[in-house]
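Taking it in order: structure first as structure tokens, then the write-up.
Count residues from 1 along the sequence. These numbers come from a predicted model, not from an experiment.
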Amino acid sequence: MFSDEYFMQLALQQAENAFDEEEIPVGAIVVCQNQIIAKGYNQTEKLKDVTAHAEMLALTAASQKLGAKYLKDCTLYVTLEPCVMCAGAIFWSQIGRIVWGASDEKRGFQKIQSKILHPKTQISFGILQEDCEEILKRFFARLRT
């Protein structure tokens, strides 16, 4: 059995992919029965699609992998607290659990409505928080130079 820290480290690797492609560095993975079934990282610039957030891409890939629209037995690991759009998709997927690293005080879903997720979805956050915050700080510092 792998730990939340282990899977968040893998989500951070996805965030590094986004960073390398000059996208806001957010990464996500979906795990089912201790196996990674989907990965995603922000690709809004590359795909010219405002919905191409890491979570959205990972959820879509997971649904395709399982051949199901509901992800009740899965866990989504994401480096940044989901926005309202992603939280809505997470709600509709009925994902069993979501784990995030850094909270998003400006655009995170909890700022708007903490009960937006499916009532059965379990939440954990603050996993590798400093690492998840650091990559975002590094990205935005690079933009300012």
Evaluate Lys39 against Tyr77 for side-chain contact (heavy atoms from CB on, under 4.5 Å), listing each step before the verdict. CA-CA 9 Å; Lys39 301 175 185 178; Tyr77 291 87; over 6 Å; no
Please say which of Leu12, Ile36, Val99 ends up in a side chain to side chain contact (heavy atoms under 4.5 Å, CB included) with Phe7. Ile36
Hey, are the side chains of [X] and [Y] touching, using non-hydrogen atoms and a 4.5 Å cut-off?
X: His118; Y: Ile90; answer: no
X: Ile24; Y: Leu136; answer: yes
X: Lys72; Y: Lys120; answer: no
X: Ser63; Y: Leu71; answer: yes
X: Glu55; Y: Leu76; answer: yes

Full working for side-chain contact (heavy atoms from CB on, under 4.5 Å) between Arg97 and Asp4: CA-CA 11 Å; Arg97 184 169 178 244; Asp4 285 343; 2.6 Å; yes
Mind listing the closest non-hydrogen atom pair of [X] and [Y] along with its distance?
X: Ala54; Y: Gly40; value: CB-O, 3.8 Å
X: Leu57; Y: Ala52; value: CD1-O, 3.8 Å
X: Glu133; Y: Ala102; value: CG-CB, 3.6 Å
X: Phe139; Y: Glu23; value: CE1-O, 3.2 Å
X: Glu21; Y: Tyr41; value: OE2-OH, 2.8 Å
X: Met56; Y: Cys86; value: CG-SG, 3.7 Å

Determine, using the 4.5 Å side-chain heavy-atom cutoff (strictly less than), whether [X] and [Y] are members of one ILVMFWY cluster.
X: Phe125; Y: Val84; answer: yes
X: Val30; Y: Tyr70; answer: no
X: Leu59; Y: Met85; answer: no

Does a sphere of radius 6.0 Å around CZ in Arg138 hold more than 12 heavy atoms from other residues, nucleotides or ligands, not counting ones at 6.0 Å or beyond? yes
Carefully, step by step, assess Ile135 and Val26 under the rule side-chain contact (heavy atoms from CB on, under 4.5 Å). CA-CA 9 Å; Ile135 192 171; Val26 177; over 6 Å; no
Without swapping roles, check the side chain of Asn42 against the backbone of Pro25 for a donor-acceptor pair under 3.5 Å. no
Mind checking the [atom1]-[atom2] spacing from [X] to [Y]? Nearest 0.5 Å is all I need.
X: Ile123; Y: Leu117; atom1: CD1; atom2: CG; value: 4.5 Å
X: Met8; Y: Gln14; atom1: CE; atom2: CD; value: 12.5 Å
X: Gln110; Y: Ile116; atom1: CD; atom2: CD1; value: 11.0 Å
X: Glu130; Y: Lys137; atom1: CD; atom2: NZ; value: 8.5 Å
X: Asn17; Y: Gln43; atom1: CG; atom2: CD; value: 9.0 Å
X: Asp73; Y: Ile95; atom1: CG; atom2: CD1; value: 10.0 Å

Set out, in order, the CA-CA distance, both residues' side-chain angles and the distance that settles side-chain contact (heavy atoms from CB on, under 4.5 Å) for Asp104 and Phe109, then state yes or no. CA-CA 8 Å; Asp104 186 344; Phe109 77 91; over 6 Å; no
